[in-house]
Amino acid sequence: SPSPATKQPSIGEATNPHQLPPAPTYPRRLCCSRAMQALLAPPALRASPSRSPAARSPPPSRGLVALAAAAARARPLRCGPRDTVEALERDEMLNAVELGQWESGKSVNDIAACQGIRIRRHCRPAASMAEVEAEMGAPRNILEKIIWDKEIEVAQGLARNPLEEVIESAGKAPPTRDFYGALAAAHKRNGVPALIAEVKKASPSKGVLRENFDPVQIAQAYEKHGAACLSILTDEKYFQGSFENLQKVRKAGVKCPLLCKEFVVDKWQIYYARAMGADAVLLIAAVLTDLDIKYFLRICKELGLTALIEVHDEREMERVLAINGVQLIGINNRSLETFIVDTSNTKTLLEKHGDAIREKGILVVGESGLFNPDDVAYVQNAGVSAVLVGESLVKQADPGRAIAGLFGKELVH
Ligand SMILES: O=P(O)(O)OC[C@@H](O)[C@@H](O)c1c[nH]c2ccccc12
């Protein structure tokens, strides 16, 4: 069979990625489709809540409007968990929902704001940052800045590697490895949270963490010393990572499943990650609307990728728990908006939502700011089954041996 095998039975049957919808049907890439382009008013207009209908961009055709209205009636915008996947089976429904939201006068940023998302999108991938800032003002925080750059970067990536080609190479990539299964098994085997060890050269909060940085050597050392999975940062501008690093680690024969640690704002990045050898991708709830998360989850499922959905606060946790098909939630102890690290964040969120999470069979990853066995024990007691650690490992002379120091014992495969 030409369809790529998947080792993730819990995600369901894999389908052939070639059957995926063609590019223009994607709702977020409003910028890509003609009909959607028409919906995109300049941000200045979209940002204004009290604009007159005439101030909006030209309306879509009557047929589309009727479709949108019908769809909006048929399915409320806030889909319940049960009907979400079903709704996502039909792409035209996604477009219709988005159109329905437009019909009620909402822009992409309005929709995000309704969900408590503070990060704005500029939706002007062809613009320069100076032009973006002239219209939207300066980014409000580092995460918003990263996302604004990412929107432009993705457009450049799309121009270099068109979506159809990337989908094709994702379809030809060797089968995914079971990221979720590897974490669950390692947790059981070692009696401590499974380790996702991060290949991280630098960060915007800490600067360069390691001067002599050899991603393959570090990845191999992590694997040798019992890491269950690896996380490879691919953002270049702020983390000095790259998709090339991901590909190199995969090609070097590392067996651990690999997480592509990227700021995903567009489905192109997900296909690209798979084409470069990823087994899992990160989706950040502080950046993505519910609809984005659902749609990206569906793409992940079709590619056999595991999605690690990252939350930082109560609201994000609630949003993510209302979405069907979530397997892995990461609780980030670091705010990507302020850089403040607080490990009690994991405890607080799990005290409130631990039962619901366990009921759904979701596995929780404690992320960031973990340095010693006490930190690991603290998040383990809070209820995590895995931890994601970068700085405290990469900063040490031998990042592989540092693992035993972090857990207070050797980990085994
Ligand atoms: O280096 P630390 O504090 O161990 O953190 C690792 C990881 O959690 C962190 O890099 C991270 C968590 N979520 C992210 C999202 C984007 C970039 C980076 C991250």
Side-chain angles (χ1 to χ4, degrees), residues 119 141-150 153 183 193-210 213 215 218-219 222 227-243 245-246 258-265 269 273 278 280-288 293 296 307-313 316-317 320 328-346 349 364-376 378-379 384 386-396 399 402-403 405-407:
I119 304 304
N141 55 54
I142 181 71
L143 181 56
E144 192 165 84
K145 187 164 162 47
I146 293 172
I147 296 304
W148 287 8
D149 275 318
K150 196 58 78 180
E153 200 185 283
L183 294 181
L195 173 64
I196 307 171
E198 187 152 279
V199 176
K200 182 179 195 179
K201 172 156 188 184
S203 73
S205 61
K206 300 281 174 85
V208 173
L209 298 168
R210 189 181 181 87
F213 187 80
I218 295 169
Y222 282 158
C229 297
L230 306 182
S231 161
I232 316 286
L233 271 155
T234 51
D235 177 77
E236 294 190 19
K237 186 164 179 189
Y238 297 91
F239 290 85
Q240 298 191 31
S242 67
F243 277 98
N245 285 354
L246 173 66
L258 304 180
L259 169 73
C260 172
K261 197 64 157 345
E262 177 59 69
F263 295 86
V264 171
V265 293
Q269 295 161 287
V281 292
L282 183 77
L283 301 177
I284 302 176
V287 170
L288 302 171
I293 294 176
F296 291 164
L308 171 60
I309 311 205
E310 179 173 300
V311 303
H312 178 66
D313 62 28
E316 290 167 14
M317 178 65 96
V320 171
L328 266 186
I329 294 180
I331 300 180
N332 199 349
N333 293 313
R334 179 182 294 113
S335 159
L336 294 170
E337 295 175 48
T338 62
F339 292 148
I340 293 170
V341 178
D342 179 3
T343 45
S344 72
N345 196 39
T346 297
L349 291 183
V364 177
V365 182
E367 299 180 357
S368 308
L370 306 175
F371 288 87
N372 54 49
D374 284 348
D375 294 339
V376 174
Y378 178 82
V379 290
V384 310
V387 289
L388 174 54
V389 184
E391 178 182 346
S392 68
L393 299 176
V394 284
K395 270 197 136 177
Q396 304 205 26
I403 292 175
L406 174 67
F407 287 88

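Being a predicted model, the structure only gives us computed values, none of them experimental. Just follow the structure's listing: the first ligand is 1, and inside any ligand the first atom is 1. All values below were derived from every heavy atom in this structure, side-chain atoms included, with hydrogens, water molecules and symmetry-related copies excluded.
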Identify, for [atom], the protein heavy atom at the shortest distance, and state residue, atom and that distance.
atom                    : answer
atom 17 (C) of ligand 1 : F239 CZ, 3.5 Å
atom 14 (C) of ligand 1 : K261 NZ, 3.3 Å
atom 6 (C) of ligand 1  : E198 OE2, 3.5 Å
atom 8 (O) of ligand 1  : S368 OG, 2.7 Å
atom 4 (O) of ligand 1  : G390 N, 2.7 Å
atom 16 (C) of ligand 1 : F263 CZ, 3.3 Å
atom 13 (N) of ligand 1 : E310 OE1, 2.7 Å

- Of the backbone atoms (N, CA, C, O) and the side-chain heavy atoms from C-beta on, which set of L282 has a member under 4.0 Å from an atom of ligand 1: side chain, backbone, both, or neither?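 The answer is the side chain of L282.
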With a 4.0 Å cut-off on heavy atoms, is [X] touching ligand 1?
X    : value
V394 : no
R334 : yes
N332 : yes
G369 : yes

- Query: With a 4.5 Å limit on heavy-atom distance, are the side chains of K201 and V208 in contact?
  - Reply: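 They are in contact (side-chain heavy atoms under 4.5 Å apart), so the answer is yes.
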- Are C229 and L183 side-chain neighbours, meaning at least one heavy-atom pair lies under 4.5 Å?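 The answer is yes, as the side chains (C-beta and beyond) meet within the 4.5 Å cut-off.
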I'd like to check which ligand 1 atoms, numbered from 1 as shown, lie under 4.0 Å from a non-hydrogen atom of [X].
X    : answer
V389 : 4 (O)
E391 : 1 (O), 2 (P), 4 (O)
E367 : 8 (O), 12 (C), 13 (N)
L388 : 7 (C), 8 (O)

- Message: Please find the pair of heavy atoms, one from P373 and one from F407, that lie closest to each other, and give the distance.
- Response: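 So the two residues come closest at CG-C, 3.9 Å.
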- Over all atoms of both residues, closest heavy-atom pair of S242 and E236: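 Heavy atoms of S242 and E236 come nearest at CB-OE2, 4.0 Å.
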Do the side chain of [X] and the main chain of [Y] share a donor and acceptor less than 3.5 angstrom apart?
X    : Y    : value
R334 : H312 : no
E153 : D149 : no
Q269 : F263 : yes
Y222 : P399 : no

- Apply the test side-chain contact (heavy atoms from CB on, under 4.5 Å) to residues L393 and L195: give CA-CA distance (whole Å), side-chain angles for both, the deciding distance (0.1 Å), then the verdict. CA-CA 11 Å; L393 299 176; L195 173 64; 4.3 Å; yes
- Message: Going by side-chain contact (heavy atoms from CB on, under 4.5 Å), P193 matches just one of L370, V365, L388, V387. Which one?
- Response: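 Of the listed residues L370, V365, L388, V387, the side-chain contact (heavy atoms from CB on, under 4.5 Å) partner of P193 is V387.
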